[in-house]
Amino acid sequence: MTKRYAIILAAGQGTRMKSKLYKVLHPILGRPMIQHVIGNLRPLQLDKQITIVGFGADKVMEEVGNKSDFVVQEEQLGTAHAVQQAERLLKDKKGTTIVVCGDTPLITTETYEELFAYHEANNAKATILTTEVENPAGYGRIIRNENGKVERIVEHKDADKNELLVKEVNTGTYCFDNKALFAALQEVSNDNAQGEYYLPDVIEILQKSAERVEAFMTTDAEETMGINDRVALAQAEAAMKQRINELHMQNGVTIMDPANTYIGAEVTIEPDVVIFPGSVITGKTVIKSDSVIGPHTEITNCTIGEGTVIKQSVVTDSEIGNRVNIGPFAHIRPASTIGNNVKIGNFVEVKKAVFGDDSKASHLSYIGDANVGRNVNIGCGTITVNYDGKNKHLTTIEDDSFIGCNSNLVAPVTIGKGTYVAAGSTITMDVPEDSLAIARARQENKDGYAAKIRNRK
Ligand code: UD1
Ligand code: CA
């Protein structure tokens, strides 16, 4: 089989984004643009993948990690110059090289595969992925001769009046015969409106030396959208959202209002999950069947068990069991593990805490750095006092305990199994099993004292 390589262009600053954040790091449905591109290339199992970085190189490399090799383009002299940076790593290799832009996150694995297949079947030296758009402004135009053969690509800023009318555009994605690519790059000049070395010029160079140049046109123009500014970013977000939501609906997920439901590309959802409007579900989240999410719920990087209900809540980096009830208005912060049949009610904040099966914190509590056993009832207003101003300490509440309302559990502290803590207690010492802990001032009633107060001058 022909060896296959990829070059991902990601060195530009993205001036038109008007942002401190480098363009390819702008998130779409919670995932940086560059990760979408790399994620969609991954199933092709390419023999080598090289990302060209420049602006924000450190940040981009950190984001991509070991999913790609990198070459730094010190100065951004154009897309041809960017590809040339990979010369040292690729030049002598036989095979097909796909060049993709880091700012076209919607192109699917299927389209990449079709482009490779078309290119290799035709034995072409270059194949451009093209599409027809209503408004081609900003894109390079595909110029064909009278026989319909591709001759060259002209950039928007270099195009004459007639060329500007052409609606077939360069998507910025190409397959090349690897050796022919690096040979042709030697001949690219920067004699154009932007004074840049244009990768599209390679097409004319190959064509003029009688090499076979092809275009593979996709009918899905939306897929090939290049994200140059925030308007396109919003359009891409909308398109990706629709694509992902439709896939989940086809798999048996009910999404009540797809226009107002945001699901990331790496989220897995089992059939018969129902998602109410205003939910944002991102990261590597998994939601098991029969769960009900939302309305207005944010879930990031979580596993949610079967038949769990989460309303108007925020849940991050945590594991939630089966038949759990969360919210409305609960906040589950990172590193929490919630067992089965647990209830985390309104205005309860949980952080780095374990809840055993069948336990409850139904109202207005803060449970942080805590180990809560099974069948524990945490009364309204309970607070684990986990922080002494310097360090965080652990609260352990063993199985079958009952914590009365408005208790402070000053950590480090252990509440033994089957224990009662009286309402309003401030617990500073460990409580042995099967006991009752009361830590509050004893009540005193003064008969007839009310009249005295009322009659005060
Ligand atoms: C480019 C194409 C245009 C095509 C369009 C599709 C060129 C000259 N033009 O235009 O024909 O229709 O994409 O979206 O190629 N980059 C570098 N180093 C550089 C310059 C750019 O790595 O020196 C990277 C950018 O980070 C970006 C990609 O190359 O990811 C494309 O650059 P951009 O400036 O967005 O090109 P367009 O003007 O969109
Ligand atoms: Ca672009």
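Each ligand, and each atom within it, is numbered from 1 in the order the structure gives.
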| Without hydrogens or angle criteria, can the side chains of D369 and Y387 be said to hold a donor-acceptor pair below 3.5 Å? | no
| message | Could you tell me, atom by atom, which parts of ligand 1 come under 4.0 Å of a heavy atom of Q76? | response | 23 (O)
| task | Validate the cation-pi geometry between K91 and F182: distance from NZ or CZ to the six-membered ring centre under 6.0 Å, angle to the ring axis within 45°. | result | no
| query | ligand 1 and T104, any nitrogen or oxygen pair closer than 3.5 angstrom? | reply | no
| So which protein heavy atom does atom 16 (N) of ligand 1 come closest to, and at what separation? | G12 N, 4.0 Å
| query | Does R144 pair with E151 as a salt bridge, N-O distance under 4.0 Å? | reply | no
| field | Atom NZ of K241: over 12 foreign heavy atoms under 6.0 Å | value | yes
| said: As an exercise, identify every atom of ligand 1 less than 4.0 angstrom from a heavy atom of G140. | reply: 3 (C), 4 (C), 11 (O), 12 (O)
| Do other residues, nucleotides or ligands put more than 12 heavy atoms under 6.0 Å from Q186 CD? | yes
| said: Within a 6.0 Å radius of atom CZ on F276, are there more than 12 heavy atoms belonging to other residues, nucleotides or ligands? | reply: no
| note | protein heavy-atom neighbour closest to atom 1 (C) of ligand 1 works out as E155 OE1, 4.6 Å
| task | Identify whether the distance between the nearest side-chain nitrogen and carboxylate oxygen of K157 and E196 falls below 4.0 Å. | result | no
| task | Using a cut-off of 6.0 Å, state whether more than 12 heavy atoms not belonging to K360 lie near its atom NZ. | result | no
| Is N170 close to ligand 1, meaning an N/O of one under 3.5 Å from an N/O of the other? | yes
| message | Within ligand 1, which atoms have a heavy atom of T171 less than 4.0 Å away? | response | 6 (C), 14 (O)
| said: Evaluate L199 for polar contact with ligand 1, using N/O atom pairs at a separation under 3.5 Å. | reply: no
| query | Can G54 be said to touch ligand 1, with heavy atoms closer than 4.0 Å? | reply | no
| request: Could you tell me whether T79 and ligand 1 have an N or O pair separated by under 3.5 Å? | output: yes
| message | Once side chain to side chain donor-acceptor pair (under 3.5 Å) is applied, do any residues pair with N228, and if so which ones, sequence neighbours excluded? | response | K23
| request: Please report the C-alpha distance between I269 and V286 in whole Å, then the side-chain angles of each, then the deciding distance to 0.1 Å, and finally whether the side chain to side chain contact (heavy atoms under 4.5 Å, CB included) criterion is met. | output: CA-CA 6 Å; I269 309 179; V286 176; over 6 Å; no
| task | Mark yes when over 12 heavy atoms from residues, nucleotides or ligands other than R31 sit less than 6.0 Å from its CZ; otherwise mark no. | result | yes
| At a 4.0 Å threshold, what atoms of ligand 1 neighbour a non-hydrogen atom of R16? | 34 (O), 35 (O), 38 (O)
| query | Which part of A11 is near ligand 1, with near meaning a heavy atom under 4.0 Å away: side chain, backbone, both or neither? | reply | both
| Which of the numbered atoms in ligand 1 are below 4.0 angstrom from a heavy atom of C101? | 28 (C), 31 (C)
| query | Salt bridge check: are E163 and R141 linked by an N-O gap of less than 4.0 Å? | reply | no
| Atoms in ligand 1 flagged as close to K23, the criterion being non-hydrogen separation under 4.0 Å | 35 (O)
| Nearest protein heavy atom to atom 36 (O) of ligand 1: under 4.0 Å? | no
| Intermediate values then yes/no, side chain to side chain contact (heavy atoms under 4.5 Å, CB included), Q76 and Q13 | CA-CA 9 Å; Q76 282 60 54; Q13 181 175 28; over 6 Å; no
| field | Per-atom contacts, ligand 1 versus A10 - under 4.0 Å to a heavy atom | value | 22 (O), 26 (O)
| Any N or O of Y139 that comes nearer than 3.5 Å to an N or O of ligand 1? | no
| request: Quick one: give me the number of protein N/O/S atoms under 3.0 Å from the Ca ion (ligand 2). | output: 2
| said: Would Y174 count as a polar contact of ligand 1, with the cut-off being nitrogen or oxygen pairs under 3.5 Å? | reply: no
| query | Which word best sums up how the rings of F329 and F347 line up, parallel for under 30°, tilted for 30 to 60°, or perpendicular for over 60°? | reply | parallel
| Backbone or side chain, does any N or O of I153 fall under 3.5 Å from an N or O of ligand 1? | no
| Is L9 close to ligand 1, meaning an N/O of one under 3.5 Å from an N/O of the other? | yes
| task | Give the residue and atom name of whichever protein heavy atom lies nearest to atom 18 (N) of ligand 1, and the separation in Å to one decimal. | result | Q73 OE1, 2.7 Å
| Atoms of ligand 1 less than 4.0 Å from G102 heavy atoms? | 30 (O)
| remark: Under 4.0 Å between heavy atoms, the region of L77 that gets near ligand 1 turns out to be backbone
| task | Report the part of E196 in contact with ligand 1, treating N, CA, C, O as backbone and CB onward as side chain, heavy atoms under 4.0 Å; options are side chain, backbone, both, neither. | result | neither
| query | Is there any N or O on I52 that sits under 3.5 Å from an N or O of ligand 1? | reply | no
| field | Lys/Arg-Asp/Glu bridge criterion (N-O < 4.0 Å) met for R333, E349 | value | yes
| Side chain, backbone, both or neither: H81 near ligand 1, heavy atoms under 4.0 Å | neither
| field | V24 contact mode with ligand 1 (heavy-atom cut-off under 4.0 Å) | value | neither
| Is the number of heavy atoms from other residues, nucleotides or ligands within 6.0 Å of CG (D160) greater than 12? | yes
| Any chance CG of N147 has more than 12 other-residue heavy atoms, nucleotides or ligands included, within less than 6.0 Å? | yes
| query | Measuring to protein heavy atoms, does anything land under 4.0 Å from atom 4 (C) of ligand 1? | reply | yes
| said: Within a 6.0 Å radius of atom NZ on K3, are there more than 12 heavy atoms belonging to other residues, nucleotides or ligands? | reply: no
| message | Starting from atom 23 (O) of ligand 1, what is the nearest protein heavy atom, named by residue and atom, and what distance separates them? | response | G78 N, 2.9 Å
| message | What I want to find out is whether R4 reaches E120 closely enough, with some N-O distance under 4.0 Å, to be called a salt bridge. | response | yes
| field | Chi angles and distances behind the side chain to side chain contact (heavy atoms under 4.5 Å, CB included) call for D58, V60 | value | CA-CA 6 Å; D58 291 346; V60 176; over 6 Å; no
